[in-house]
Structure formats: structure tokens, C-alpha cells
Amino acid sequence: MAWTREDMAARAALELQDGFYVNLGIGIPTLVANYIPDGMSVTLQSENGMLGMGPFPFEGEADADLINAGKQTITELAQSSYFSSSDSFAMIRGGHINLSILGGMQVAENGDLANWMVPGKMVKGMGGAMDLVAGVRRVVVVMDHCEKTGAPKVLKRCNLPLTGAGVVDLLITDLGVFEIDRKVGGMRLTALATGVSLDEITAKTEAEFVVAL
Amino acid sequence: MAWTREDMAARAALELQDGFYVNLGIGIPTLVANYIPDGMSVTLQSENGMLGMGPFPFEGEADADLINAGKQTITELAQSSYFSSSDSFAMIRGGHINLSILGGMQVAENGDLANWMVPGKMVKGMGGAMDLVAGVRRVVVVMDHCEKTGAPKVLKRCNLPLTGAGVVDLLITDLGVFEIDRKVGGMRLTALATGVSLDEITAKTEAEFVVAL
Amino acid sequence: MVQKVHADAEAALAGLLFDGMTVMAGGFGLCGIPENLIAAMRLAGVRDLTVISNNCGIDGFGLGILLESGQIKKMISSYVGENKLFEKLYLSGELELEFNPQGTLAERIRAGGAGIPAFFTKTGVGTLVSEGKEIRNFDGDDYVMERGLVADLSIIKAWKGDTEGNLIYRKTARNFNPMMATAGKACVVEVEHLVESGQLDPDHIHTPGIYVDRIIAGARFEKRIERVTTRPRDTAPGKEAV
Amino acid sequence: MVQKVHADAEAALAGLLFDGMTVMAGGFGLCGIPENLIAAMRLAGVRDLTVISNNCGIDGFGLGILLESGQIKKMISSYVGENKLFEKLYLSGELELEFNPQGTLAERIRAGGAGIPAFFTKTGVGTLVSEGKEIRNFDGDDYVMERGLVADLSIIKAWKGDTEGNLIYRKTARNFNPMMATAGKACVVEVEHLVESGQLDPDHIHTPGIYVDRIIAGARFEKRIERVTTRPRDTAPGKEAV
């Protein structure tokens, strides 16, 4: 037993607050938009140059000039605005976005995040991820707790090239939730996923953590 | 005998070329716009955020939202565009303006220019002048050759606080025209004003210069 | 739902003012200044202000009214020219004044809002402006390092704004307003036309609403002109008398 | 009178291309790319290009066609993800690739066009990106110094342009185009709608004509979409399925 992708998205949505401007990464983070509580106003930023990202278009209404950072076709809302990439990242780097929720390959107990390359094997590029984790006020990572091989992804130190050093505030995996003090370093386990025991998550986690359930 | 303000403006207008983007300072430089040859396309930049500055408005049509850098009401043209101060000075600093024509208090033989303050007496501020002389590709100064007291203004070294060091390419005064090699330093007298003798201009100039009439 | 729209300038500034604070005020000369918010600051009586603004209004209008009331301790500006009191207070030492080249001032504010703590510029190298600052050579030319600027509060004037805080400026009244909107810890805006969300074309918005904390429809816009300069009707149109 | 309007992409690039040059190409993914100008560069056969662009198109379209023809020596990009050939050439060492964080790339280009040789950013500190670069502490935080970027040529796509070179972009097709327009020694633009001077509202212009050397009405715009993602008509509107 563990959390599904939808469960993880729902848990991440608890980090939203009314009036927040939020950047959602590709994958599970994108699903968070489905869990914005009714009556709460959250504006989604797309780092390719848009605030106020709307839902996917109806069939036949896709517009080649209107995509999100994942290259998916989207729509605009009443409050939307467009801007250049430099203006978009000025917004991100300048600390104007309240919350960034993104995926990860590895997270370490000191708040380090790796999610952009596996040397010699896989290279996507960092895209805007390095800017987001460096600039956004609060950074939440959502990822599977372990590799498909079972190898741990929540580590003492990342062994993949970093996306950011000491940047993660909260880690949500399919097994539980960890708060990270990114100034001092140190993880606190604050929630277990449905049906997951403390023994199980401890066994599957390389990082040291304090239990604060 | 010497050149009038209009004569100096007309001489400065010889520096214009078709397709140029030009910033004109306050005073005599402003008059240069009256001497743009027919058929030549010159676009005037106003550093408060406009390209394509048009003439003064007709009486009764002044618009408080449309002024030039001298705070005078102006009009827009077919090709006009507006932008912010940071975009305006990005344009200036980035070397996109072909020519800047501005006034001066003192010019030195090494291309130094002073035109923004007299310590303890007069302070206007540099406004955009320091940015213009540092960023624009070619800088032309138009000023009286001497103080009203007769004191020289074309000097070996400026004694007023500088607007820019080694920035002036061409100096036009009421007595003549000097080219300045601002990399190496050194002035060349290339024209005498109507009725002005070499003896007169030499007597009234502290700077060393080569005669190249 | 977070509500950005406030009833008036006083309400929009409530809780944001404190003595000794740093305030950025948009405008160039009297063009595009937040005149309603400036008037409210005068009434609020907040003191020892450091004001970042290209100019300081004129005697009796714009930021000039905060100079007259003695509320300003220090100005960070590029130009004093049109304000006699400003020049007098500075020359007599009663007012601190940090002169910045206009483009450096604009870029420092843009950098402050964009998370850039410092940048290099050629402007001011070899002048008073670069004294005490780091000079560095890049590719054969000297540049001076300038720091980003932020403020506790920015007060902004736009032409149109919507309830989400999206802004559109008009003509040369844009000037310093867009950068300043990004560089205040809080940003309060007055607009001539306050419209519902969805009324502004998303491609035409100059300042996205994310930068705007509070917005008001200005009660009254005097929009004084410093130098009304016109030409008579019989002048040929075109290049004359620019 | 200087004439910016050219007949077609080939004419607009005439005399501007040379082997070993650096080219900036606007666009994000396939959105807002100068597809007519890229096709003309392929036909011109210019080689050993260093291309600055956030992505490198896809296999068979956009900058991907210059990868296939072997005209690109080096890419400066932030993302490879959607282009198999790009990833393969990089991993095999056949293509030089300088990765930049997307925001750093955008800011470096903006700086290049704005006469700023270097700036400091927090992005990439403690990662591969900051290796070999100056790190400096400002007010308690570490920042890395990044350099401005310029190119021999920038090729840009806009939605509307006028005969003076004033440009307006549409929706998220704006992306890197405005900064790149400022950072090329020469700038060539293709637009979907070429209009007479005076047809664009001066308050709505995103790129002033000063940055544009040559402009064409694109002969043909394919405007491919990488990921057409839609929802069925019976989905409730609103926040679902973003």
C-alpha cells in the first residue's frame, strides 16, 4: 500500500493558499491543479511566459501559440497575461512566485535536489528547474520514494548532478511527507502514506530523519 | 562673428544619416530636428521611453501623458513606440542608438565631458546623460566655446565633475568643429565658424589641437 | 478570495507605512506619478522617508509636497532640475541625495525586482558615480558594478488596471512604473480606469497582476504638465519645432 | 529611405550568413520559432554554427533540420528533451552543448542586448552550472556571475510587424523572441502579418523597430504543435484537467 499519483497531488495541494501564484512542474505536479479547493484563488504560472494558465482546450481548439512549459496546448483565463522569457524568469528569480511544485530524481536530507540528468545516459536539460528552485519562495518536490529497482531516492547526499543545493522545503513521496530545514539541513517525517509503516519508510530511506508524526 | 545657435544645430545635422536612431539633448541639440534633410528618415528617441518623437502638439492638444525628456509636451508619429525606462536605457546602454547630440559645460582634449553639476553652486543631476555618452555609438557635443566670462570651456582637462570619461567624438562650438579621438585622445580642428580666424579660436581654446581644416 | 481592490488611497496604504521606510515612486517629472497615493502619504505623516524616484516633483506638486512637509530624509534620483526646493535642501545639506544616472537607476530597480543583486555597466565609469565601487574590465572595456535596489513599498500609477492587478500604462507615463512595481516588498497602484478581470487583452498587459498587492481607482487626477509646449495651428506638420 | 522589408527569407538573410557564425533563434519548443528563416538557413548551407536557442526543435522540424544537415557545431540551450537526435549527438560527443538554466539563458541574452557584460544570479549556485565561475556573497547569499550573450545574427518570429520593424507577439509565442531581437548584431524577423507603419498601437508594441534590421512576411507558417492536449467537450470548464 502507498499513495497513488492522485493521492500525492492531493497532498501537495494542501500547500496552496488563497491568492498564491504557483508554478507546477511536469508530471504529478500538473495534477495538483485538479485539487485546488473551491473558492480558493490560485494563479498558475507557466515559465515560458504566462500567468493565469487555464485548462486544456476543447478538441479542435488547440492554438499553436498557446502552450505551457511542458509544450502542451492550454487555454487562457480572464486574468491571464503574457510576457517574455526574461520577464518570466525575472518574476521567478525575484521571489514573486509563492510556491513551486516539481518532480525529482533524488532529494537529500540537506535539501539538495537532482532532477535533470544522468551523466552518460539521459540528458533532458534543466529547463527552468534550476531557476525555479533557486528563486521561488517555497519549493515542494513530489516523487516516488524509490527507483523501480528499489534503490533509494531519498538520500544522505545526491549522487546525480544537482538542480539546486539546499533548495527543497517539503518532499512528498508515495510513502510519506518530509519537511526539510534547508538552512540548517535535516529532515522531519511528518506524515505516512496510507498503509505505510514507520519501519517500511525507514527501511526504504537512506537519509537520516526525525520522526514527527 | 561666430555661429548662431541655429548655425550650430545645422552643422550638427550633418552628422545624421538615413535610417539613424538619434537622441537629442535639451537646448541647441533639440533644434537639430529642424535640419533633418528632406527624404532622410531619422527616428528620434526620448530616453523617458519613446521612439519616433513627433513635433510639439497644436495649441490645446497637449497630452500630460506624452512628454519628452525635457518635460515638453510632444506628439507621436506613425512609427512611434513606447517603453519603460529600463527598456529605454537598455536600448541606449546596449549601443542601439546611432547618435547622441547633447550640450556641455566643458569638453577636454581626451574626450572627457562635464555637463551635470558645479559643486556647491548648481546641481541639476546627470539625468540620462551619463548613460547616453557611455552607451551611444557616436557622441556629439554642441556648446558655446567659452563661458560668458570668457573663460575657456574647451580644456586640457575638465575641472568640473565628469559626465563621461573619453566619450566625445565630435565637438561643435560657436567658433568651430573639433574631432576627438577618444581612444587615443587628441583633438583635430576640422572647421572654423563663419568669420572666425584660426588665431581667435586658438586664443580661446585651452586644449591642444591639431589643425586639419 | 484575496481582494486587491481598495476603496481609496488611504485604505490602500493602511498598515504599509512606517517611519524610516524606503519608498519607490513611479513617474518622470510629473508624468505618470501616483498623485493620489503621494497625497495620502502626506496626510499619513510618515517621516524619515528614503524615496527612490527619478525626480522629486515640483514645488507644491507630486513628491514636492513631501519635501515641503519635511517627510523625506533622503532621495535616490537622477535629476533635480525642476525643483528649486529640492536643489536648495540638497545644497544646504538638509537633504541627503544619492545621484544615480537615469539608466543605472532604472536598471538597479529592474535588477532588484528580478533577483539580481548586482550587475556591471559602462555608465559612470571614470566619474563621481563610480567612486568606491568595483571596476572590472570585460573584453577590453571598464565597467562599474552597481547593486540591485528594492524598497519597502512601491507606489505606482497606471492608466488601466483590472481587479487582478494587471496594468496597462499610457504613452510616456509608463517610464519607471513597471520596474518599480516589481521591486517593492509591497506594491500599491492607482489607475485612471479600474476594470473587471478579463477586460484587458492579455497580450497588452505591461505589468502582470502578480506584482500588484493593492489597487485603487484614483479619486482625482490633476495630471499637471510642467512645460506645455505647443505650435500654432498654421505651422506645417512634420519635423519643424520638435 | 532605408528599406527594412524584404521579399522573402532568402533575400532577408543575403549577406548576413557566414560559416562559424553565432545565431540566436527565438522560440520555445516549436512555439514562436522563425520557421521560414530556419528553412532558408538550411538551404543556404551555412556551416559550423553556434546556435543559441532554448531548444533545438524536433526531429525534422524547426532547428532540428539544421541538426540533421550537420550545420550546427554547438548549441547553447536549456532543454534537449523532445529531440532524440539532439540527445544522441550530444551523448556521442558529436555536438557541443552548453547547458544554461532557462532563466539564466534568457537573462544573459537580455543583458547582451542591454550592454550589461555580466550579472549575478542565485540560479545554479552549487551545481555544475556554476563550476569555474565566480561565486560571490551578497547580503548573506551566494550568487554566481553570468556573462551577457550576443550573436552575429538573431532570427525572430513575431505575429504582427510593421514596415518600420515594430513587432507584436501573440500569446506564449513571445518567449525568447523579444530579448533575442536586442542581442543580435543583425536581427531578421518573420511575421504572420506585415502591416504599414502606423497600424500598430504604440502602447502595444513589444519590440521597437530600432532592433529590427530586416523583416519579411513569412511565406508559409506550418506552426506545428508538439503535444496537442485537449479535453472532451463534456468536461466541465474550470480547473479540471489543467
Side-chain angles (χ1 to χ4, degrees), chain B residues 24 30 33-34 36 44 46-50 53-74 76 82-90 92-93 112 116-117 120-135 161-166, chain C residues 28-32 54-55 77-82 87 90-91 97 99-107 109-110 121-129 159 169-179 206 221-233 235 237-242:
Chain B
L24 301 178
T30 302
N34 299 336
I36 300 171
L44 301 181
S46 191
E47 66 265 28
N48 53 320
M50 183 185 198
M53 189 167 43
F56 296 137
F58 290 122
E59 286 165 19
E61 295 184 358
D63 182 338
D65 289 338
L66 184 42
I67 65 172
N68 65 18
K71 279 94 175 178
Q72 298 170 314
T73 47
I74 50 169
E76 68 186 28
Y82 301 104
F83 33 83
S84 72
S85 298
S86 59
D87 285 344
S88 180
F89 284 95
I92 289 167
R93 195 188 311 104
D112 288 358
W116 73 282
M117 81 177 295
K121 278 191 193 163
M122 185 285 294
V123 57
K124 305 191 294 182
M126 68 290 282
M130 283 193 182
D131 308 280
L132 284 161
V133 299
L162 296 187
T163 304
Chain C
F28 177 89
L30 300 182
C31 183
N54 189 61
N55 312 79
S77 302
S78 88
Y79 202 73
V80 170
E82 277 80 28
E87 187 172 358
Y90 170 58
L91 289 173
L97 173 55
F99 268 125
N100 279 223
Q102 195 173 145
T104 296
L105 181 62
E107 189 65 17
I109 297 165
R110 192 246 173 216
T121 173
K122 209 182 280 186
T123 300
V125 170
T127 77
L128 287 180
V129 160
W159 180 49
Y169 307 96
R170 184 170 176 272
K171 302 187 188 288
T172 58
R174 193 183 314 184
N175 55 65
F176 280 84
N177 286 295
M179 302 88 76
H206 297 129
F221 288 97
E222 207 173 321
K223 293 181 74 168
R224 283 200 214 170
I225 300 176
E226 275 178 82
R227 296 184 183 172
V228 179
T229 320
T230 58
R231 59 189 159 128
R233 293 246 164 217
T235 306
K239 61 186 196 259
E240 288 81 9
V242 167

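Convention: sequence-line order gives letters A, B, ...; per-chain numbering from 1.
Among all heavy-atom pairs drawn from B/G70 and C/R227, the shortest one is O-NH1, 3.0 Å. Of all heavy-atom pairs between B/M126 and C/F99, the closest is CE-CB, 3.5 Å. The nearest pair of heavy atoms linking B/S86 to C/M179 is OG-CG, 3.2 Å. Taking each heavy atom of B/D131 and C/T104 in turn, the nearest pair found is OD1-N, 3.3 Å.
Contact check on B/D65 versus C/K223 returns a salt bridge, with a Lys/Arg side-chain nitrogen under 4.0 Å from an Asp/Glu carboxylate oxygen. Taking the charged nitrogens against the carboxylate oxygens, C/R231 and B/E61 have no contact shorter than 4.0 Å, which rules out a salt bridge. The pair B/D63-C/R170 meets the salt-bridge criterion, with a side-chain N (NZ, NE, NH1 or NH2) lying under 4.0 Å from an Asp/Glu carboxylate O. Salt bridge status for C/R233 with B/E59: absent, with no side-chain N to carboxylate O gap under 4.0 Å.
Looking at B/A69, both its backbone and its side chain come within 4.5 Å of chain C, counting heavy atoms on both sides. Using a 4.5 Å cut-off between heavy atoms, C/Y169 does not touch chain B at all. Looking at C/V125, the atoms closer than 4.5 Å to chain B (heavy atoms on both sides) all sit in the backbone: N, CA, C or O. When heavy atoms are compared at a cutoff of 4.5 Å, B/T163 approaches chain C solely by way of its backbone atoms N, CA, C and O. Contacts of C/N54 with chain B are absent, with no heavy-atom separation under 4.5 Å from either backbone or side chain.
In this structure, the side chains of B/M130 and C/V129 come closer than 4.5 Å at one or more pairs of heavy atoms. For the pair B/L66/C/K171, a side-chain contact is recorded, criterion being any heavy-atom separation below 4.5 Å from C-beta on. Contact annotation: the side chain of B/I67 approaches that of C/F28 to within less than 4.5 Å [non-hydrogen atoms, C-beta and beyond]. Side-chain contact between C/R110 and B/F89: absent, with no pair of heavy atoms (C-beta onward) separated by less than 4.5 Å. Annotation: side chain of C/Q102 is in contact with side chain of B/E47 (closest heavy-atom distance under 4.5 Å). At least one side-chain heavy atom of C/I225 sits less than 4.5 Å from a side-chain heavy atom of B/T73.
The residue among B/G49, B/G166, B/G127 with the most heavy atom pairs within less than 4.5 Å of chain C is B/G127. Interface summary for chain B: among C/P101, C/P178, C/G124, the most heavy-atom pairs under 4.5 angstrom belong to C/P101. When each of C/S77, C/C31, C/S78 is checked for heavy-atom pairs under 4.5 Å with chain B, C/S78 comes out on top. Comparing B/M117, B/E76, B/M50 by heavy-atom pairs within less than 4.5 Å of chain C, the highest count is held by B/E76. Interface summary for chain B: among C/R224, C/H206, C/E107, the most heavy-atom pairs under 4.5 angstrom belong to C/E107. Contact tally against chain C (heavy-atom pairs below 4.5 Å) for B/A62, B/P57, B/G164: the top residue is B/P57. Per-residue heavy-atom pair counts under 4.5 Å with chain B were compared for C/I109, C/V80, C/L105, and the maximum is reached by C/V80.
Note: B/F56 CZ to C/T229 OG1 = 5.0 Å, rounded to the nearest 0.5 Å. In this structure, the separation between CD1 on B/I74 and OG1 on C/T172 is 6.0 Å, given to the nearest 0.5 Å. Rounding to the nearest 0.5 angstrom, the gap separating the NZ atom in B/K124 from the CD atom in C/E87 is 10.0 Å.
A donor-acceptor contact closer than 3.5 angstrom is absent between the side chains of C/N175 and B/S85.
Using modelled atom types, one side-chain atom of C/R174 and one backbone atom of B/Y82 make a donor-acceptor pair closer than 3.5 Å.
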Taking it one step at a time, do C/L128 and B/W116 satisfy side-chain contact (heavy atoms from CB on, under 4.5 Å)?
CA-CA 11 Å; C/L128 287 180; B/W116 73 282; 4.0 Å; yes
